[in-house]
Number of protein chains: 2
Amino acid sequence: MLPRRWKIRVSRLVQASIRNRVLAALPATEFALLAAHLSRVELALGERLHSAGEPISYVYFVERGFISALALLSDGQPLEIGLIGAEGAIGVSVILGAETSYCETMCQRAGSAYRVTTAALKDAIARAPHLRDLLLRYTHAFHIQVAQTAACNAHHELGQRLARWLLAAHDRSRVAELSLTQDMIATMLGVRRSTVSIAAGTLQRAGFIRYQHGHITILDRVGLENAACECYEAVAEEYRALFGVYPKALTPVKNRPDLG
Amino acid sequence: MLPRRWKIRVSRLVQASIRNRVLAALPATEFALLAAHLSRVELALGERLHSAGEPISYVYFVERGFISALALLSDGQPLEIGLIGAEGAIGVSVILGAETSYCETMCQRAGSAYRVTTAALKDAIARAPHLRDLLLRYTHAFHIQVAQTAACNAHHELGQRLARWLLAAHDRSRVAELSLTQDMIATMLGVRRSTVSIAAGTLQRAGFIRYQHGHITILDRVGLENAACECYEAVAEEYRALFGVYPKALTPVKNRPDLG
DNA sequence: ACATCAATGTGCGATACCGTACATAATGGT
DNA sequence: ACCATTATGTACGGTATCGCACATTGATGT
């Protein structure tokens with residue numbers, strides 16, 4: 001059975017092979033403390049990991065793909081407040097003492113994660129100061145992302161916000177091609193799909209992206225960065241600082257694939 | 001000299017007399033640990049307590065008045081992401097490991113606070129688990145406030161947002177009268193002053209507020225609550241849960257002064 | 001009482017986005 | 001190859017807010 005095989009695999013978990021940046025940054029002894037409780041899970045597109053108001057059973061350290069954190073307004077319309085990839089984890093508010101999730105978390109690009117029960121994480125944190133400090137600092141970086149989004153939503157035009165979002169999604173992917181419909185993006189950004197269509201058309205005509213039936217290819221990262229508002233760079237810088245790496249820590253190796 | 005007198009006063013600091021809800025909620029032993037390092041400061045209108053990108057020297061436990069946390073966008077325009085009164089503290093991100101402030105904090109209503117150096121707070125936290133847990137939970141509540149604001153900025157109309165903001169400000173005051181110009185409010189909400197003028201006029205004609213040359217009086221809280229978006233209640237509820245109090249914990253004793 | 005300044009009300013063309021509808025194009029299944 | 005479905009482009013009146021300008025009103029100091 002699959003679960004059994006996963007369990008075997010996890011018991012052999014080698015830290016160096018882990019792509020989640022938080023887990024990778026831990027001292028070996030503290031990683032070992034947590035590793036016994038990690039289990040690897042596949043994340044399917046559209047899968048919901050936490051629901052607003054519901055208890056947080058697991059904390060997920062994302063490895064591949066990315067997850068949206070969505071605020072749910074009373075009119076039922078979700079709106080993205082943050083995007084999480086291999087640089088982070090979701091459900092970490094449990095370490096602040098939260099018992100329930102204040103937002104929905106949903107998989108926007110299929111991938112995988114290592115998850116741990118809330119209880120096991122809290123237990124590990126009590127004995128692993130570096131893990132605790134790193135998760136707190138990550139929480140702070142995520143908080144900054146949300147705060148920047150609050151200002152961005154109020155001030156920046158859709159063209160800029162779309163470019164910002166595509167860059168953030170690209171950073172959290174490993175390839176230039178994203179499986180995203182305009183409808184999905186419109187939901188994330190809280191605007192009409194037709195409005196996204198117009199903004200995306202502009203980016204496509206500029207040669208920054210190529211768009212075709214649920215598939216977006218990033219053609220020109222630099223062009224997109226110029227088209228995006230400052231919010232992209234501000235948040236990216238914060239995550240770079242978090243891991244103390246000089247060159248763009250979040251930027252995938254393979255970027256700008258079709259450009260010179 | 002004033003500083004000497006304050007010092008004397010602080011050395012006699014009685015927890016029961018403190019209006020800051022975080023400090024008031026501490027176990028006596030832990031309060032004592034912190035009290036020796038607290039100093040009382042007056043907060044003048046417009047005073048800036050932290051600047052974006054600058055180190056956080058002091059953490060402020062607000063007692064009277066309220067403080068805005070403002071994101072600074074590159075066009076120089078500030079935009080409020082959170083409002084803090086006696087229910088909380090500012091600069092608390094130092095306990096997440098932040099070294100600098102990611103936002104501006106500015107006094108919007110004159111009052112007072114107890115402040116402590118970052119170093120002393122970190123020291124106290126290491127020895128006072130309840131203080132640490134309470135500050136972490138407060139941080140989480142503030143995070144929710146910011147996330148709600150992100151969604152609110154994208155979705156809700158100015159009329160609703162203005163009503164929400166007035167309610168939040170009223171909760172953090174002790175009287176119904178606020179010294180606020182439309183210009184200040186417009187800056188907080190990130191809109192034109194003339195737009196605020198129209199929205200405020202609507203609220204005034206409805207009898208919810210009275211507006212006169214930099215002074216707003218809340219006449220009808222219930223009316224305002226109906227005019228506000230859900231975001232007000234969602235955030236207020238979170239702070240009530242934080243302090244575990246059943247009836248509106250944040251609502252000042254003296255509300256709806258002119259209403260039956 | 002008067003002058004001055006700050007705060008507010010208002011007007012108006014421009015614009016971004018809404019809300020909705022419909023047409024077209026690409027994809028996937030049979 | 002065909003069809004059903006999904007994704008995208010586009011149109012159009014409506015609305016909230018912008019960006020700017022100017023008039024008016026209330027507070028303040030002398």
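Below, chains carry the letters A, B, ... as their sequence lines are ordered, and counting in each starts from 1.
Annotation: Y60(A) is in aromatic contact with H50(A) [ring centroid separation under 6.0 Å].
Between the C1' atom of dA27(D) and the OH atom of Y211(B) lies a distance of 16 Å, rounded to the nearest Å. Spacing between atom NE2 of H215(A) and atom P of dA25(C) amounts to 19 Å, rounded to whole angstrom units. Distance N153(A) CG to dC17(C) C1': 14 Å, rounded to the nearest Å. The separation between L158(B) atom CG and dT17(D) atom C1' is 9 Å, rounded to whole Å. Atoms CD1 (I198(A)) and P (dA7(D)) sit 19 Å apart, rounded to a whole Å. Taking atom CG on L180(B) and atom P on dT8(C), their separation rounds to 9 Å, with Å as the unit. One can place NE2 of H156(B) at 12 Å from P of dT17(D), the figure rounded to the nearest angstrom. With rounding to whole Å, Q204(B) atom CD is found 16 Å from dA7(C) atom P.
Of the side-chain N and O atoms in S197(A), one or more sit less than 4.0 angstrom from OP1 or OP2 of dG9(D). Listed pair Q182(A) / dG9(D) meets the phosphate criterion, a side-chain N or O lying under 4.0 Å from OP1 or OP2.
Aromatic ring pairs are classed by plane angle as parallel below 30°, tilted from 30° to 60° and perpendicular above 60°; the pair H143(A) and F142(B) is tilted.
Here the nucleotide nearest the side chain of V191(B), chosen from dG9(D), dC18(D), dT8(D), is dC18(D). With dT17(D), dC17(C), dG11(C) as the choices, the nucleotide that has an atom nearest any side-chain atom of S194(B) turns out to be dG11(C). The side chain of R192(B) lies closest to dG19(D) when the candidates are dG19(C), dA16(C), dG19(D). Checking dA21(D), dA16(D), dT27(C) against the side-chain heavy atoms of H213(A) singles out dT27(C) as nearest.
As judged by a 4.0 angstrom heavy-atom cut-off over every strand, G159(B) is placed among residues making no nucleic acid contact. Contacts of Q212(B) with the nucleic acid, taken as non-hydrogen atoms under 4.0 Å apart, are absent.
You won't find any donor-acceptor pair under 3.5 Å spanning the side chain of R193(A) and the base of dG19(C), going by distance alone.
A donor-acceptor contact under 3.5 angstrom links the side chains of R164(B) and T149(B), judged on distance only. With hydrogens and angles left out, the side-chain atoms of E54(A) and T100(A) include no donor and acceptor closer than 3.5 Å.
Considering CG of L83(B) and CD of Q145(B), their distance stands at 6.5 Å, rounded to 0.5 Å.
Each of G190(A) and A200(B) was assigned the nucleotide of DNA chain C with the nearest heavy atom; the assignment lying further toward the 5' end belongs to A200(B).
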